[in-house]
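Chain letters run A, B, ... following the sequence lines, proteins first, then strands; residues in each count from 1. Small disclaimer: the values here were computed from a predicted structure and weren't measured.
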Amino acid sequence: MPIDLSSPGGATLALLPELVLTFWALVVLMYVAWHHRDGHDMRTAGGLSIVGYIFAAAATAWLAWRGARPEGLSFMIALDGFRFASDALLLWIAAAVAILSVRWLIRQGILAPEYYPMLMLATVGMMLLAGAADLITLFLGLEVMSISVYVLAGFDRTRRASAEAALKYFLIGAFASGFLLYGIALTYGATGQFNFDLIGAQFAATPPTLMAKLGMGLILVGFAFKIAAVPFHAWAPDVYEGAPTPITAFMASGVKAAAFLALVRVLAEVFPALVDLWRPVIFGLAAITILVGNLTALSQTSMKRMLAYSAIAHAGYLLLAVWAHSDEGTAAVLIYLLAYSVTIVAAFGILASIERAGARTVRLTDLEGLFSVRPFASIGLSICMLSLLGFPGTFGFIGKWYLLSAALRAGQTTLPVIAMVGSAISIGYYLPVVLAMTLKPARTRQAHQTIRFPRPARIAVGICVFAILLLGVWPNTVLNFATQTAVQLRQSELPIGPR
Amino acid sequence: MVQLVWLAVAFPLFGAVANALLAIRRPAAKTAVSIIGVGVLAGAFVVAVGVFNALVHDPRPSVPVVLWHWMPVSERLSIDFAFRVDHLSAIMLLVITGVGGLIHLFSVGYMRSDPGYARYFAYLNLFIVFMLVLVLGASLPVSFIGWEGVGLCSYLLIGFWYEIDANSDAGKKAFLANRIGDFGVLVAMFLLWWHLGTLDFVGITMRAGAVFPIGSSAALLIALALFLGCTGKSAQIPLYVWLPDAMAGPTPVSALIHAATMVTAGVFLVVRTASVFALAPVSLEVVAVVGALTAFVAASIGLRQYDIKKVLAYSTVSQLGYMFLGVGTGAFASGIFHLITHAFFKALLFLGAGSVIHALHHAFHHAHSDADAQDMRNMGGLRRWMPWTFSLMLVATLAISGVPPFSGFFSKDEILGAAFARGTQHPIYLVCWALALGAALMTAFYMARLLAMTFLGRFRGGDKAAEYLHDAPWTMTGPLVVLGLLSVLGGVINLPHFVGGTGWLERWLAPVTETARMTMTPLPEVEGASALLLISLAVAAAAVGLIGGWWVTSRATILTPAQSPEEHGFWRAVYHKYYVDELYQKVFVNPTVWLSRRVLWQTVDAFLVDRLGVGGTARLAEGLGWLGSRLQNGQVAFYVTMFAVGAVLILRTLVR
Amino acid sequence: MLLGPSLALSAVLFVLGVAGVLIRRNAIVVFMCVELMLNAVNLTFIALAQLHGVSGQIMVFFVMTVAAAEAAVGLAIILAIFRHTQSVDLTHINLLRG
Amino acid sequence: MASNVTVTTVIFYVFAVWAVGSALLCITRSNALASALWLVSTMFALAAIFVILQAQFIAAIQVLVYAGAVMVLFLFVIMLLNLEDVPHDWKRWPAWVVGVGLAAVLGTTLVTLHSYTPARLAREVSTMPSPVDPRLVFPEGNALAVATATQGAVGSVAQPLFQGYLIPFEVTSVLLLAAVVGAVVLAKKKL
């Protein structure tokens, strides 16, 4: 189904998932405006928002099913399998986070149902960021996402940590936006274009210039912040710890996924001609991110912080596939992001259920003896840890396998070795979690009695854990899909030659 | 029938899931747990026998069983979730389900009173699943699932009695040492992928010869990386430290995982990838030397341990060294042969030790004594109360010492013979042979000492406790009897020519290692007279060791760790009566003891390897992590400074 | 056209903004320095728009919108933290660390 | 013509010095209110430079929206919080040295953009062999002036904004919605 993106009708059609979601966010906002008193309203708003995600997913599926593709130039927004896959990934993460939030918010006494419209708007931003075909859309999508997430990080207004997390995220985020924007300006200057394909064509036709190099460097800085690559990572542990737990899950999986998807698209469409320039940068970022993330995670006692550093390390692994800059690499990014998000959502879902109302954060020692009281929760968390570790037979292993093999096939051997060293280090912090739950006795008799695992969260986490195991041994459908999708990112033929 | 091999995995998997659910929902339903736990193993064994039988009549030496496409890489290349039934995996299948089933049965009696009974069986069944995946896997990644999985189960079972902190630490240590090894396997896997473009075992075997020239450095690197994995899993120098600590788990676990099956996975892997090792002769030398050294060092440490399970643990390390020596000389079938016979007699020894510990534990418990039920100084004279256990342990001791015609004699003799034969080509193997012979002597010595301290003499655990001593019930002794029979007769599967045998196992495994053997220079035959001399030397070593061990132990005074003063005088009298022994002790035993205890065990093992090697690395990593954590000082200003440094670096990289 | 001088002025202002973020500790002032960075980038866009066409100016329009939105949310966040700490001094806002 | 260019250049540099000076004062004044006012001053100077660079409409918005509305919001919050004047803590001089040093290094990298002239940019953007007339490569460079003359400063921006840039324009509405809801949620005393 060719869509003319320069016409208003075509643009509407192409943006259908985002529009549906925005519209539904307005619907929820309308509901919220009159009903924001008690837990019941919270639940209804949450349920309504999940319906919105389903509608948006249906719209995405419809576009994908009709084989929507741009007629002529991909204008402002991309229309390819990669975007649909990205949208599906981001929508499922958002929906899962919404499900996990429903009872958690009520338990923590955060009775502000505006949470759900904000989450939906953040998702709209993520979808625009990951689906942008134009630097303007990219920047605006990024800002919609960021602004919503700043607010969500500070949503638990009664806790100082939450406000502090929001402030840190906001200040450093705005700072990073400045760099990204400068990069966009210089890229625009070097080519006179904002459109990905046109910039790519321009770069392909001319040797790299000073302005192009600086522009690309600054754009990379902006992305490095969003994916929390070392040394742009320092905000992540603090923000992850302070933010409400479901939002931490959202940031660790959704925001990171959106940033990575956009990075892959930008590097594949805008800067393919400058690959020899940006590869060393990605190499350095990947190496230092893997090492610092894993080593620092070793000395953490708070679960959220540990997972934050582990998220940093995983960003480092993902950079391997970015380095590869190939179809395998693109597919590997998709697979790994799915594997990682499934795992991280399940892990944070379980952690959220363990958190007591008002308590600061779950520490490793708080998990001791969990197995004897909550066997299913502890088995689930153990499986998540093993998946993050890349234990064979889990989905995490498949993801890591594809990352490493993509990098190897692109001719890189140093990074895979660093990644494997990092993965060997990571045993030192994932394993103690399993150890504490299964092999240590509970500190007190009353420990874990306050754990409430509401049914929606239980179902969501259960599905995730099941998916980790199932996709670990039977991943071919997903893999085939990712491989087919990845090829489409390269297939965008340029109807207009360079100027 | 061969295609049904997945059932052998599915049965224990079902058992694991069912027992896990029972552990969570109905931990008290012990009968159901026993029926499921042992039943699935029986089912798997039946499948194994069927598969084996089918393979005997199958003209193909190797049958792929593709279950589904696991990781499609590209249109033409995909890693399947597939099993490969060939002569090697079929025989491993039999050993694992057979010995595993017996140990499951033993566990029914042994763990009966444990509150974590259902959880225990869930772990044990899960272990069998992973072990079968490991041996049946058609490609390295599939086997790697099993490889990592058995490590996980091993760790869960070592820490099974989690109330004791040391146990969970031991579990952690085991997993850590294994992970270092696994890193090697991963590296090897990616290097193979990189060079050969395949990870299927058959593919590796076929392509390796075409891609790597003999003696190529790439093949050497891959082989050494693989071997690093093997040293971790099979507890060889330098990663052997975890195995003695692993004895913290229940004794049947030690028998199943840390003696009969999992720890032999390294040997199995070397045989599986023999074609790569064969292309890098240096790697085989490394395997042989490490094996021989481990055999010698571990045996010498075993000489002076008092914990009955520790003796057996060091003995296992030592015997694994033998197996590596075997495969390192290119006598792959001999390595597997010893693996099988070792599975029989070492499982028997551990289960026998388990019976002893079980009985003593029971007795001490009733006598309100807090003596250590695993310390051999608290035993003695148990032959009176536990005749069955004693005679079966005696059989196993004769087998492990290499006394003809017990099974261990044939397998050990083959390895020694092969090492000697290879020594005529390369002198380093002669050194290995000498080390192995010394190890054989020490093995016989410490086994005789163990037997003498445990079953002979008089009971040192107090008369009150003695009243409660008795042989184990039949669910426990029954498996011992079967294992005893196997220990005696196990040798028949590969009877050498000089006793009229046909070397069945060697011919059976020939297709598996054919490529590797074609690459290597053939083992020279040792001629009649020198062959006889070799055998005589081996038998003499066993005999001297056994008699010496028995002699020294039964003459020596054995002090209980909690010795009462009135007993003191009596023991002193005995001590002075045999001052010849004292002399012997001073001249021969004391230096050996000093060497084994102070130098090898405490310095090398506990300090160098444990503290500096494993611990030092961990501490370094933790220190760096602490540093990284300090950088996270909560100050936005500092964070943006790091950010700016990064930005400057990136821009400077791009614009020089 | 003044292309080179404009780009240089933009770079100088941007760097001044960065320096301000690095050395100031009042959250509001840090935020203002970020605004200064955005302004500097706007200058780059405007300078380049002379040659590349009106799209650069339109981007500036969007950047201003973003800046306004960020200001609204950012100042709300600063108000929220002020309620907890009675201060906007970033050196005191270090509950989360390690 | 030549004198006209010179006059423009002089005016440009006057405003440039003004902008840099105000920015310096903005980042060094210890009083937040003073900083804000110096930032407003920078913005005014920039608005003037925008006019010189043929962006009259943007210059107007700069004054109205940025210096006018956004900065007023800043001033409002600063005065609402009633922050006292924090004197510079000279013990923090290492942070200053590091900050200024880093900024200087970054600056030396970025200021190299100074070497760009229209001709150089034309050469780099064009695939044609040099030398190139910038007017051929950048027809819009003049078109901008022409469009401004025919459609007016607002029209030249408005037309593409509502046609070609419709999607981003609509996205900004989502952005503002998110900002409004977010600001209300965070800043309201009681929900």
Side-chain angles (χ1 to χ4, degrees), chain C residues 1-20 22-26 28-29 31-33 35-36 39 42-43 46-55 57-58 60-62 64-73 75-80 82 87-89, chain D residues 9 12 16 19-20 23-24 26-27 32 35-36 39 42-43 46 49-50 53-55 58 61 65-66 70 73-74 77-78 81 83 86 95-96 99-100 102-103 106-107 110-111 113-118 121 138 140-141 143-144 156-157 160-161 165 168 172 175-176 179-180 182-183 186-187:
Chain C
M1 283 281 181
L2 291 165
L3 180 65
S6 302
L7 291 178
L9 174 62
S10 168
V12 168
L13 290 177
F14 185 84
V15 166
L16 283 174
V18 171
L22 291 181
I23 59 183
R24 296 307 299 261
R25 51 185 190 164
N26 181 324
I28 298 180
V29 177
F31 186 23
M32 287 196 298
C33 293
E35 292 290 340
L36 180 60
N39 261 283
N42 281 350
L43 178 59
I46 300 275
L48 291 165
Q50 293 177 99
L51 295 168
H52 288 310
V54 78
S55 51
Q57 293 193 7
I58 288 171
V60 173
F61 174 81
F62 290 127
M64 285 186 179
T65 321
V66 166
E70 268 189 1
V73 169
L75 291 172
I77 290 173
I78 289 174
L79 280 180
F82 187 79
S87 157
V88 291
D89 190 339
Chain D
T9 311
F12 174 86
V20 171
L24 261 175
C26 166
I27 65 168
S35 282
L39 183 60
T42 315
M43 287 173 176
L46 278 176
I49 290 174
F50 288 176
L53 300 178
Q54 303 175 12
I58 299 294
I61 302 188
V65 176
Y66 231 137
V70 174
L73 194 58
F74 271 90
V77 171
I78 292 170
L81 300 187
L83 297 169
V86 187
W96 282 72
V100 171
L102 269 175
L106 190 65
L110 290 175
V111 167
L113 291 168
H114 176 68
S115 60
Y116 269 92
T117 58
L121 194 60
F138 301 120
E140 293 192 55
L144 195 56
S156 65
V157 174
L161 183 60
Y165 295 86
T172 52
L175 179 77
L176 290 173
V180 168
L186 284 180

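- What you find for Pro118(D) and Leu3(C) is that their closest heavy atoms are N-CD2, 3.8 Å.
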> Stepwise, does the side chain to side chain contact (heavy atoms under 4.5 Å, CB included) test hold for Leu9(C) with Phe12(D)?
Replying inline: CA-CA 10 Å; Leu9(C) 174 62; Phe12(D) 174 86; 4.2 Å; yes
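- Among the candidates Pro168(D), Ser115(D), Ala23(D), the residue making the largest number of heavy-atom pairs closer than 4.5 Å to chain C is Pro168(D).
- In terms of heavy-atom proximity, Ile27(D) sits nearest to Ala19(C) at CD1-CB, 4.3 Å.
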>> Using side chain to side chain contact (heavy atoms under 4.5 Å, CB included), reason through Leu79(C) and Leu81(D) one step at a time and then give a plain yes or no.
In response: CA-CA 8 Å; Leu79(C) 280 180; Leu81(D) 300 187; 3.4 Å; yes
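- By the ring pair (Phe, Tyr, Trp, His ring centres under 6.0 Å) test, Phe74(D) is found to be paired with Phe31(C), residues two or more places apart in sequence or in another chain being considered.
- Among all heavy-atom pairs drawn from Cys26(D) and Arg24(C), the shortest one is O-NH1, 3.8 Å.
- By number of non-hydrogen pairs under 4.5 angstrom with chain D, the leading residue of Val73(C), Asn39(C), Ile28(C), Ile78(C) is Asn39(C).
- Contact count versus chain C (heavy atoms, under 4.5 Å) is highest, among Tyr66(D), Tyr165(D), Tyr116(D), for Tyr66(D).
- Contacts with chain D were tallied for Ile23(C), Leu13(C), Val15(C); Ile23(C) has the most, counting heavy-atom pairs under 4.5 Å.
- For chain C, the nearby part of Leu46(D) is the side chain; its heavy atoms alone come within less than 4.5 Å.
- When heavy atoms are compared at a cutoff of 4.5 Å, Phe61(C) approaches chain D by way of both its backbone and its side chain.
- Atom-to-atom distance recorded for Phe62(C):CZ and Leu175(D):CG is 10.5 Å, nearest 0.5 angstrom.
- For the options Leu36(C), Val60(C), Leu48(C), Val66(C), heavy-atom pairs under 4.5 Å to chain D are most numerous at Leu36(C).
- Expressed to the nearest 0.5 Å, how far CE of Met32(C) lies from CD1 of Ile78(D) amounts to 4.5 Å.
- Between Leu22(C) and Gly99(D), the closest heavy-atom pair is CD1-O, 3.5 Å.
- Side-chain atoms of Gln57(C) come within 3.5 Å of backbone atoms of Gln54(D) as a donor-acceptor pair (strictly under, hydrogens ignored).
- Heavy-atom pairs under 4.5 Å with chain C were tallied for Val65(D), Val77(D), Val180(D), Val100(D); the largest tally goes to Val77(D).
- Distance check: Thr117(D) OG1 to Leu51(C) CG gives 9.5 Å after rounding to the nearest 0.5 Å.
- Highest contact tally toward chain D, considering only Gly4(C), Ala72(C), Ala47(C), is held by Gly4(C) [criterion: heavy-atom pairs under 4.5 Å].
- Interface remark: Ala95(D) contributes backbone atoms only to the contact with chain C (heavy atom separation under 4.5 Å).
- Listed options Val70(D), Leu24(D), Leu39(D), Leu106(D) were ranked by heavy-atom pairs under 4.5 angstrom with chain C; first place goes to Leu39(D).
- Taking CG of Leu176(D) as the reference point, atom OG1 of Thr65(C) lies at 6.5 Å (rounded to 0.5 Å).
- If you take CD1 on Ile49(D) and CD1 on Ile46(C), they are separated by 11.0 Å, rounding to the nearest 0.5 Å.
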> For Leu102(D) and Val18(C), what are the C-alpha separation, side-chain angles and deciding distance, and is it a side chain to side chain contact (heavy atoms under 4.5 Å, CB included)?
Replying inline: CA-CA 9 Å; Leu102(D) 269 175; Val18(C) 171; over 6 Å; no
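- With a 4.5 angstrom heavy-atom cutoff, Ser87(C) does not touch chain D via any of its atoms.
- Atoms CG and NE2, from Leu121(D) and His52(C) in turn, are 4.5 Å apart once rounded to the nearest 0.5 Å.
- For Glu70(C), no part lies under 4.5 angstrom from a heavy atom of chain D.
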